[in-house]
Amino acid sequence: MQRSLIACFFRASLCAEGLVNEDVKRTLDLSSHLAKITAEIQLANHGASRVNGFTLALEAELAPHLAFIGVKGEEEEDESLELKETTVHGQSGKFFEAQLPSSLAPGAKLRVKVETVFSHVLKPFPTHITQAERQLVVFQGNHYLYSPYPTRSQTTRVRLASKTVESYTKLGNPTKSDETVEYGPFKDVPPFSQDAMKIHYENNTPFLSISSITRTVEVSHWGNIAVEETIDLRHTGAYLKGPFSRYDYQRQSDSGISSVKSFKTILPASAQDVYYRDEIGNISTSHLQVLDDSVEVEIRPRFPLFGGWKTHYIVGYNLPSYEYLYNLGDQYALKLRLVDHVYDDQVIDQLTVKLILPEGARNIHMDTPYPITRSQDELHYTYLDTFGRPVLVATKNNLVEQHIQDVVVHYTFNKILMLQEPLLVVGAFYILFFTVIIYVRLDFSITKDPAAEVRMKVASITEQVLTLVNKRLGLYRHMDEVVNRYKQTRDTGALNSGRKTLEAEHRTLSNDISALQARLKSEGSDLAEKVGEIQKLDNQLKDLVCRSCQEAERLVAGKVKKDTYIDSDKTLSGKRQELVSRIDSLLDAL
Amino acid sequence: QILAVGSKSWLRRNIGAEEGAGWWQEGCVAVGSALLTKFSRTWRSTTPPPTSLLSFTILFLAWLAGFSSRLFAVIRFESIIHEFDPWFNYRSTHHLSTNGFYEFLNWFDERAWYPLGRIVGGTVYPGLMVTAGLIHYILNLLHVTVHIRDVCVFLAPVFSGLTAVSTFLLTRELWNQGAGLLAACFIAIVPGYISRSVAGSFDNEGIAIFALQFTYYLWVKSVKTGSVFWTIGCCLSYFYMVSAWGGYVFIINLIPLHVFVLLLMQRFSRRLYIAYSTFYIVGLVLSMQIPFVGFQPIRTSEHMAAAGVFALLQAYAFLQYLKDRLTRQEFQTLFFLGVSLAAGVVFLTLTKPSLPPLLRYAKIHIPIIASVSEHQPTTWVSFFFDLHILVCTFPAGLWFCIKNINDERVFVALYAISAVYFAGVMVRLMLTLTPVVCMLSAIAFSSVFEHYLGDDMKRENPIKQHPFYPVKNSSVYSKLIVTMLMLMLLMMFAVHCTWVTSNAYSSPSVVLASYNHDGSRNILDDFREAYYWLRQNTDEHARVMSWWDYGYQIAGMANRTTLVDNNTWNNSHIALVGKAMSSNESAAYEIMKSLDVDYVLIIFGGVIGYSGDDINKFLWMVRIAEGEHPKDIRESDYFTPQGEFRVDKAGSPTLLNCLMYKMSYYRFGEMQLDFRTPPGFDRTRNAEIGNKDIRLKHLEEAFTSEHWLVRIYRVKKQENRQALDHKLHVGNNPILTKKAKQNKFRN
């Protein structure tokens, strides 16, 4: 009595708008582990004034499980109406105020489609089953549309997961065929009417829910976006009672029918380097399939998930940033999904999103597709960071597939900062090499080692000796050329001048070497003797060179025959070869 | 030229490196070809090569080659911790890096040895964990955010490079630079060392061999120079070794032996006196700082030789001092007095000590030691398998050393002789032999190359010392042939090393792989499947009973409490578990009840033919149980009257009804693997099982992995009994818990 009074009172306040649900078609889709309730409502304005919006109501029992609600007008297929949560005085439940794009004139009609998704409303009953048993669930809801407006006519159609139905409420003599139960039509239902509907049926669809997911997105301006999702997964169906027999599971196809062996995760088409692992390493039971428009990962947990069992894993991949990162000068916009697909009909109990922006990003602004709780921003340090990357942290509870939408993050980033990390590396290497150079070149020893100094001095002197001796040997080769040319041109002048330069240069070089030899001797090195030996050999060599020169003169002058010349030349050059090789070996020994 | 040979040996190994990963091979070949161009350049130039840069390059490349040849397991599988003990080390390192050093030292692990627990901080050599933790800490300080697991996995390969460097230093001190570089190349790729230091084998030996070689280098250096600076360095390195591995007793016995032999050889010098006195005192004090070692260095017989030699050296030096001061007559009386005293001391030290390997050898008759395969005596095959050509050439190197003896070559000779003896006792100690074999072989090869590849003009002096090479100008052909032969040997060595590493030492053993006929690979991941199931779907404080082999893995991967593990310190507890496994179900249930067991985990290989399963280990369980409970368990009960151990119908009824048998074959009797064999055909033992109708009363199957490799049973709780209150235990979850906790167990 009281209730109807209140109802009347409210009808007074709400009916002032004069809205009436002319025709309602409700569809309850219970074929998965979610309850998806869609209502197609024909609203009529029977009042006197224009109406700008209308109110949607949810039952108090279902409201806490609401994951998603959306309203679409029929004219604007794509555009969904804006919803605002309100309260209605004296009525329990949850209420949303929908704004119409254009007001509804008196007498006009409007069709809207209200889509709601509820999670965790299908309760397994019995709550514990054995491996051989099938899973039965109970749904408790409302036969009528819960609405603040009177309803003229409505039908309710329930879609189930299987034909096996243990029981269902029989209001208005519903018809049941295969997997559907149809109620109604109900005529002239007053506002806020409720009548308990209860359906107990078999449902072996995977009752998976993600108890928590942490999605970390790390943006790099060097062309990569790394995404990593840490997922806690739980089978929320009926608990497994008693033993788990692998034999039955392998040999009988209907054993553990409600358990989950694997599922598919759809990643963006450009996803690369996908990994699937947990705390103890890579999970080897997975397959990756690259399709044209997506990358499909067949996620197979290490073990099949039975009721009450849980698992924990990490999926990560890389995306090229050009598909998700836009910029105009220093202004950047990152547009990617706030939450992505994990499995079909997914339920996420708790979502944490962490967006890691490049070091030095400022004026960060986040546009979310739906309200989401922002936590305190954090700083994240990774390779080559100095002052930390800003991290946007956001959380939200109870999400379903409809929440897979894009988030846009705007920020400013000075492009000069791109150089910071390479410069850091360059600087580090510079310092390293510089230290090595300093260490090698300078002497840091506290005590002096005279022997080592002498050794170094001797080494530098021998180095000089080497170059000088080699130069001197070069002189002889040059002289040979001069002699050869003389033999052809018979130009005595050239020969003489060549001989003169040889003499002069040879003298200076020999003097230099002798000076160095003296220095070696003063350092007390036994190499001095070897240098002396070289000098001796060199004197012989020079004699030979002079003799070959004279021989050539005599040949040109016709004093010797060609044959004898060739013979003597051969012996001379043989001797020279021997001397040169002896000098070389001495040089090597230096 | 000698260097070139060393490098060529690697070039070979680089090229033969890896079949599967193309980029890998490319990388290795690139390294090799870079090396080759480097050499051809130095070859052509007439000026002498800048040797320091060259040896730096060679050492760097040896490091690289050693590092990369240890990565087979990572490339084939993943970056994962291998086998058993590494899992414990990893778990402790994880504890260290999350909770800090002091918390680690005070760590009381109540997840092991239930209900006893284990004082981890006081029963481990912390060097490994501290090293990995420190590297992780420094990297994170520099914002190089690597996971601690990756630090642990790659620690041993990185340290193999350091081992190569310290081997180079030691060999250079003993012989020359060329031999040093060859030794570094050898040790970088020799299988005897790789077997313990592949990526993922996160074990004490991985860093201990570096510490061993470095300590020896510093010791040789200090004997050579007699400088306190080097000796203190040696002590610090020794301290690191003590903190890292129980094998430090090898050092503390070898160095005194060296000193003792030098005294006998009349090679006493002031340098030796300074080096050993400083080393003994400082090393002793430092080694006592490790909690696990504690007062052992002054108590146990293993350390007494060092003390005895210390006393002897003091006496000797004192006599030397008196010799200058006293008349001949006085000195003689004093000398006899002193000698008899010293002899007494030496006698006392030598009668008391039973050297560690001897001790271990005695332990071979204890079943729990004997049951470990790596404690078996070494076969000749494994010498060749692990060292290849080096095992044949190292006596030559030893001969060269003894031929041109000096203080430090006495050391290497003693090192070689003692290491050969130890390696003969136990397969595991092959590891201590490997470095010295590498050094001596390098010396042998280096000397040969010096004569057959070197310039004739130079180095007359060493040549004249060798009567082996009387021909000064050996003909070009003989040179060529010898060089070619040597090069061939080195190439074969490199190929062998790569092959052995790839085939024998690169299996994580946590993940198994099988190959199909078409070459495709199947991964059998049953161990991790079952461990992860335990981790996710059992109570956090559930107690898991299993044979001790799997204790560390259960603790590390499943993060559950175990009864016994690979740290086999309590024989009677292990025997109790063995008794439970070998009793019938109701007797076992009593034991399990008294031990609060919630789950029992066994390994069963009958489905896939895995031979390392629990039925094959079962006799050891029986033996160990019999050792403690001879009245209840008798080994003979498990054999047929003919003395056979068989699982089919002819098997002994005791075996066919014991808990292990029942758990292994539960419901296996129904399973038909293929059409040629009857149901219940065990592929590992090739027999149809004898008891197909197995019913369990107190246990129920909780989980069996995909290939039945791991089977877990739940112990049913008694009706109307309150479950044990788990709140009693304070959670100390090393892998999951990030925050540091106060230690509530002990100070």
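Scope of the values below: all heavy atoms of this structure, side chains included, with no hydrogens, waters or symmetry mates. Everything quoted here is computed from the prediction, not taken from an experiment. So that the names make sense, note that chain A is the first sequence line, chain B the second, and so on, each numbered from 1.
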So with a 6.0 Å cut-off around [atom1] of [X], is the heavy-atom count from everything else above 12?
{"X": "B:K716", "atom1": "NZ", "value": "yes"}
{"X": "A:Y383", "atom1": "OH", "value": "yes"}
{"X": "A:K354", "atom1": "NZ", "value": "no"}
{"X": "A:F429", "atom1": "CZ", "value": "no"}
{"X": "A:Y275", "atom1": "OH", "value": "yes"}
{"X": "B:R521", "atom1": "CZ", "value": "yes"}
{"X": "A:F263", "atom1": "CZ", "value": "yes"}

Inset, instruction - Below 4.5 Å from any heavy atom of chain A, which atoms of B:R149 appear? Answer side chain, backbone, both or neither. - result: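 Only the side chain of B:R149 comes within 4.5 Å of chain A.
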Legend entry - Segment of B:R667 engaging chain A (4.5 angstrom heavy-atom cut-off):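 For B:R667, backbone and side chain are both near chain A.
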Inset, instruction - With a 4.5 angstrom heavy-atom cut-off, could you sort out which part of A:L384 is near chain B: side chain, backbone, both or neither? - result: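 Looking at A:L384, just its backbone touches chain B.
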Say you draw a straight line from [atom1] of [X] to [atom2] of [Y]; how long is it, rounded to the nearest 0.5 Å?
{"X": "B:I80", "Y": "A:N282", "atom1": "CD1", "atom2": "CG", "value": "8.5 Å"}
{"X": "A:R277", "Y": "B:E78", "atom1": "CZ", "atom2": "CD", "value": "6.5 Å"}
{"X": "A:T382", "Y": "B:N140", "atom1": "OG1", "atom2": "CG", "value": "9.5 Å"}
{"X": "B:W708", "Y": "A:Y247", "atom1": "CH2", "atom2": "OH", "value": "7.5 Å"}
{"X": "B:Y90", "Y": "A:I280", "atom1": "OH", "atom2": "CD1", "value": "10.5 Å"}

Inset, instruction - Check for a donor-acceptor pair, side chain of B:H143 on one end and backbone N or O of A:Y381 on the other, with a separation under 3.5 Å. - result: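 It does not hold such a pair.
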Legend entry - Under 3.5 Å: donor-acceptor pair, side chain of B:Y532, backbone of A:H312: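 Pair found, side chain donor or acceptor close to backbone of A:H312.
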Under a 4.5 Å cut-off applied to non-hydrogen side-chain atoms, are [X] and [Y] in contact?
{"X": "A:E279", "Y": "B:N559", "answer": "no"}
{"X": "B:W533", "Y": "A:F244", "answer": "no"}
{"X": "A:F303", "Y": "B:T704", "answer": "no"}

Inset, instruction - Select, from B:M557, B:E670, B:M671, B:E701, the one with the greatest count of heavy-atom pairs under 4.5 Å involving chain A. - result: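 If we count pairs closer than 4.5 Å to chain A, B:E701 comes out on top.
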Inset, instruction - Quick one: closest heavy-atom pair of A:P243 and B:E700, and the distance? - result: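 It is CD-OE1, 3.8 Å.
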Inset, instruction - Write down the atom of A:K310, the atom of B:N537, and the distance for their closest heavy-atom approach. - result: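 Smallest interatomic distance, heavy atoms only, reads N-OD1, 2.6 Å.
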Legend entry - From A:R246, A:R300, A:K261, residue fulfilling salt bridge (Lys or Arg N to Asp or Glu O under 4.0 Å) relative to B:E706: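 Among A:R246, A:R300, A:K261, the one meeting salt bridge (Lys or Arg N to Asp or Glu O under 4.0 Å) with B:E706 is A:R300.
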Inset, instruction - Starting from the C-alpha separation in whole Å, work towards a yes-or-no answer on salt bridge (charged side-chain N to carboxylate O under 4.0 Å, His left out) for B:R528 and A:D278. - result: CA-CA 10 Å; B:R528 284 193 292 177; A:D278 57 26; 5.8 Å; no
